[in-house]
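Please read these numbers as outputs of a predicted model, since none were measured by experiment. These numbers come from the heavy atoms of this one structure, side chains and all, not from hydrogens, waters or symmetry mates.
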Amino acid sequence: MRMTIKNNIVYVFTTIILSLLFYNVLLYAAEIHVPADRATIQAGIDVAQNGDTVIVANGIYTGEGNVNIDFKGKQIAVKSQNGAKLTIVDCEGNPDTRGFIFQNNETNDSLLEGFTIINGIHEMGGGIFCDNASPTIKNCVIDSNQATADKSNGPGGGGIYCLNSAAVILESTITNNIAKYGAGVFFEGCLEKLEKDDDPTEPCQDISLVNCIISYNIGDGIYCYRGVRPDIRDCTVSHNEWRGIAYNYAVYANKPIFNCVIEHNSSGGVSSTQYCIMYIEKSIIKDNTARRGAGIYCGTASSVYVSYCVIAENVATHTGGGIEVKSSRGDATIEFCTITRNRANEEGGGLFVRTGTSFVLSNSIVWGNDADINHSEAFIAQQFFGRITVKSNDINGRIEDIVLFFQPEVVTIENNIREDPLFIDAEGGNFRVKPNSPAYAIGAHLILDGLVSVSSVGKQVTLWGDIKRQR
């Protein structure tokens, strides 16, 4: 009995002590104010301990201590007091100068929130640089920065560069940046793993880009390279001077490009090349231009899987206005998509396919596209081996012109119709179909009511019809 009482007393006493210690940790998590407590942002970080918050007042921050700002591995929050519009880190166009650096194994608990970062110039990551570090970057504006790397397939990242990172980038705007590769963002995977010839299908870490605007960059909007595994959701990727989103070399994404608007990019909407696997779901890909595959391009042993997407009003100067699949050892599946009003100056206004393993087009509307050669305004396939399946679609154009150079045993064409899908307002950009449409059960129209682009400013909701009317 005495032992029980004694043990209970010890337990209660220990619990009280631990509770007090935990309370003290919370109590003494510090707020460090810049410039009130420390003159520069770096000085505020230098005195901070894990769990602290550095709060930066309104102003334009330049010079030593306010550029090339290094988190030094600390799990702290660095926040502006009143948001990115009023808190600017200006690198002033000086060489080898960027805004923030993460290079000491920072985790998602290292938070950067509410800054505008401008005029950085560096070989990689003109605005923000992450090397084997995984911060959270939230509500930031990364504008008018430059990466100077000029190697073939070399690193870039005018706005943000991340190597072997599980960074989370949220509700940010990345615009007007310059780089040969990845003018907006450049995500790169495990160099060491690939250089040792390990299996590139085992990427290093997930990296997330969520609810962001990537626009008006001089180069690719988003460039993913060598083993990285991206998670791109709820983003608008527009008006970039190269591809909107590019996967190149062993990018095996396990999550789709989801609920995104990819538009007005001058060298195509989306591309997957050099042994990549790409998924795209519930997204709008429109008004992009390119030589091949203006909406979506899949090449060089890569694979794409596209579902519940609208691919519209893209223009290819050569082949594949909407989609081009030219992958000798890859495959492609397109299902529940609406592919309309695309153009190719040569072949394949809607789709151009030359694949070596398999291609499936199902439950989709391919209507109102245009091309100049071989009656290929809807779909042309030139496949020398492998299998092709075209079923349960609404396709304008003669079905017998869809497939060229095939053996009958590898071709399945069944249950397709050729009837006007009765779009509600194709001229106005509304590609939902009327209730009496013969294609009512197929295409992407059933998800258009809920398909939104969420901007980083006030989470404004923009529907497809609104986007079209603003052109």
Colleague: For residues V56 and Q81, determine if any side-chain heavy atom of one lies less than 4.5 Å from a side-chain heavy atom of the other.
Modeller: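 They are not in side-chain contact.
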Colleague: Any side-chain donor paired with an acceptor under 3.5 Å for S364 and E335?
Modeller: no
Colleague: Checking side-chain polar atoms at under 3.5 Å, does Y61 have a donor or acceptor matched by the opposite partner on D90?
Modeller: no
Colleague: Compute the centroid of each ring, for F115 and then for F100, and state whether the two points are separated by less than 6.0 Å.
Modeller: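 Aromatic pair counts; centres sit under 6.0 Å.
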Colleague: After noting the C-alpha distance and the side-chain angles of D46 and K72, does the key distance pass the side chain to side chain contact (heavy atoms under 4.5 Å, CB included) rule?
Modeller: CA-CA 8 Å; D46 288 347; K72 297 185 176 180; 2.9 Å; yes
Colleague: When you check the side-chain N and O atoms of E241 and Y216, is any donor under 3.5 Å from an acceptor?
Modeller: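 There is no such pair (donor and acceptor under 3.5 Å, judged by atom type) between the side chains of E241 and Y216.
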Colleague: If we ignore hydrogens and angles and just use 3.5 Å, is the side chain of D52 paired with the main-chain N or O of A30 as donor and acceptor?
Modeller: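 Side chain of D52 to backbone of A30: a pair is present.
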Colleague: What's the separation between atom OG1 in T273 and atom OH in Y249, rounded to the nearest 0.5 Å?
Modeller: 12.0 Å
Colleague: Taking S134 as the fixed residue, which of N105, N108, T107 is the one that meets the side chain to side chain contact (heavy atoms under 4.5 Å, CB included) rule?
Modeller: N108
Colleague: Between P230 and Y247, which heavy-atom pair has the shortest distance, and what is it?
Modeller: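 Reported closest heavy-atom pair: CG-OH, 3.4 Å.
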Colleague: So, E324 and R291, do they make that salt bridge, N to O below 4.0 Å?
Modeller: no
Colleague: For G293 and A316, which heavy atoms make the closest approach, and how far apart are they?
Modeller: N-CB, 4.4 Å
Colleague: Please step through side chain to side chain contact (heavy atoms under 4.5 Å, CB included) for the pair I213 and I174, ending with a clear verdict.
Modeller: CA-CA 6 Å; I213 297 171; I174 302 164; over 6 Å; no
Colleague: Within the distance-only criterion (no hydrogens, no angle test), does the side chain of E106 pair as donor or acceptor with the backbone N or O of G73 below 3.5 angstrom?
Modeller: yes
Colleague: If we ignore angles and hydrogens, is there a donor and acceptor under 3.5 Å between the side chains of R292 and T319?
Modeller: yes
Colleague: Donor-acceptor pair, distance only, cut-off 3.5 Å: does the side chain of T53 make one with the backbone of A77?
Modeller: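 Pair absent, no side-chain N/O of T53 close to backbone of A77.
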Colleague: What distance separates T87 OG1 from E113 CD, expressed to the nearest 0.5 Å?
Modeller: 11.0 Å
Colleague: Please tell me if the side chains of Y225 and F187 come closer than 4.5 Å, counting only heavy atoms from C-beta onward.
Modeller: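 No, side chains not in contact.
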Colleague: When rounded to the nearest 0.5 angstrom, what is the spacing between CG in N217 and CD in Q146?
Modeller: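 Output value for this atom pair is 12.0 Å.
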Colleague: For I117, does its backbone N or O pair with a side-chain atom of N145 as donor and acceptor, under 3.5 Å?
Modeller: yes
Colleague: Show the numbers, then the answer: is there a salt bridge (Lys or Arg N to Asp or Glu O under 4.0 Å) between K138 and E171?
Modeller: CA-CA 6 Å; K138 184 177 181 181; E171 299 173 11; 5.1 Å; no
Colleague: Could you give the distance from CD1 (I169) to SG (C235), rounded to the nearest 0.5 Å?
Modeller: 9.5 Å
Colleague: CG/N240 to OG1/T175 distance, rounded to the nearest 0.5 angstrom?
Modeller: 8.0 Å
Colleague: Search all heavy atoms of A57 against all heavy atoms of P35 and return the closest pair with its distance.
Modeller: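 Looking at all heavy atoms of both residues, the shortest contact is CB-CD, 4.0 Å.
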Colleague: Any donor-acceptor pair under 3.5 Å linking the side chain of S165 with the backbone of A133?
Modeller: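 Judged by distance alone, yes, a pair lies under 3.5 Å.
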Colleague: Can you check whether V78 reaches I45 side chain to side chain, under 4.5 Å on heavy atoms?
Modeller: yes
Colleague: I need the single residue from F129, Y223, F102 that forms a ring-ring contact (aromatic ring centres under 6.0 Å, His included) with Y161. Which is it?
Modeller: F129
Colleague: Identify the heavy atoms of V251 and C224 that sit nearest to each other, and give their distance.
Modeller: CG2-O, 3.4 Å
Colleague: Kindly give the heavy-atom pair with the smallest separation between N369 and R341, and that separation in Å.
Modeller: OD1-N, 3.2 Å
Colleague: Between the main-chain N or O of P95 and the side-chain N or O of T97, is there a donor-acceptor pair closer than 3.5 Å?
Modeller: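 Yes; judged by distance alone, with no hydrogens or angles, the pair exists.
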Colleague: Hey, is the main chain of T62 close enough, under 3.5 Å, to the side chain of N66 for a donor-acceptor pair?
Modeller: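 A pair under 3.5 Å: yes.
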Colleague: For R98 and G125, indicate whether the former's side chain and the latter's backbone hold a donor-acceptor pair under 3.5 Å.
Modeller: yes
Colleague: Give a yes-or-no answer on whether the side chains of N342 and E313 include a donor-acceptor pair shorter than 3.5 Å.
Modeller: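 N342 vs E313: no donor-acceptor pair found between side chains.
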Colleague: Determine, stepwise, if the pair R233 / E281 fulfils salt bridge (Lys or Arg N to Asp or Glu O under 4.0 Å).
Modeller: CA-CA 10 Å; R233 289 178 280 129; E281 291 183 12; over 6 Å; no
Colleague: Checking side chain to side chain contact (heavy atoms under 4.5 Å, CB included) for the pair I334/I339: CA distance, chi angles, key distance, verdict?
Modeller: CA-CA 10 Å; I334 316 295; I339 303 167; 4.2 Å; yes
Colleague: Determine yes or no for a side-chain-to-main-chain donor-acceptor pair under 3.5 angstrom, with D109 supplying the side chain and Q75 the backbone.
Modeller: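 No: the side chain of D109 does not pair with the backbone of Q75.
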Colleague: Would you mind reporting whether T333 and D331 have side-chain heavy atoms less than 4.5 Å apart?
Modeller: no
Colleague: For A39 and V34, work out which heavy atoms get closest and say how close.
Modeller: O-CG1, 4.1 Å
Colleague: Would you sort out whether L111 and I76 count as a side chain to side chain contact (heavy atoms under 4.5 Å, CB included), showing the intermediate values?
Modeller: CA-CA 6 Å; L111 171 65; I76 60 175; over 6 Å; no
Colleague: Check this for me: K74, atom NZ, are more than 12 non-hydrogen atoms of other residues, nucleotides or ligands nearer than 6.0 Å?
Modeller: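 Enclosed: over 12 neighbouring heavy atoms sit under 6.0 Å from NZ of K74.
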Colleague: Return the CG to SG distance between D234 and C260, rounded to the nearest 0.5 Å.
Modeller: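 That separation rounds to 6.5 Å.
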Colleague: Quick check against the 3.5 Å criterion: does T116 have a side-chain atom that pairs as donor or acceptor with the backbone of I88?
Modeller: no
Colleague: So which of V304, V306, I311 actually passes side chain to side chain contact (heavy atoms under 4.5 Å, CB included) with I280?
Modeller: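 Only match with I280 under side chain to side chain contact (heavy atoms under 4.5 Å, CB included): V306.
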Colleague: Tell me, which pairs form a ring pair (Phe, Tyr, Trp, His ring centres under 6.0 Å) where one or both residues lie in residues 271-295, sequence neighbours left out?
Modeller: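 Qualifying pairs: Y279-Y305.
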Colleague: Is any side-chain heavy atom of E188 closer than 4.5 Å to one of N164?
Modeller: no
Colleague: Do the charged groups of D220 and R243 touch, with an N to O distance under 4.0 Å?
Modeller: no
Colleague: I'd like to check L361 versus V366 (side-chain heavy atoms, cut-off strictly below 4.5 Å). Are they in contact?
Modeller: yes
Colleague: Determine whether I296 and I285 make a side-chain contact, defined as any pair of heavy atoms from C-beta on separated by less than 4.5 Å.
Modeller: yes
Colleague: Answer whether the closest heavy-atom distance between the side chains of I121 and D96 falls below 4.5 Å.
Modeller: no
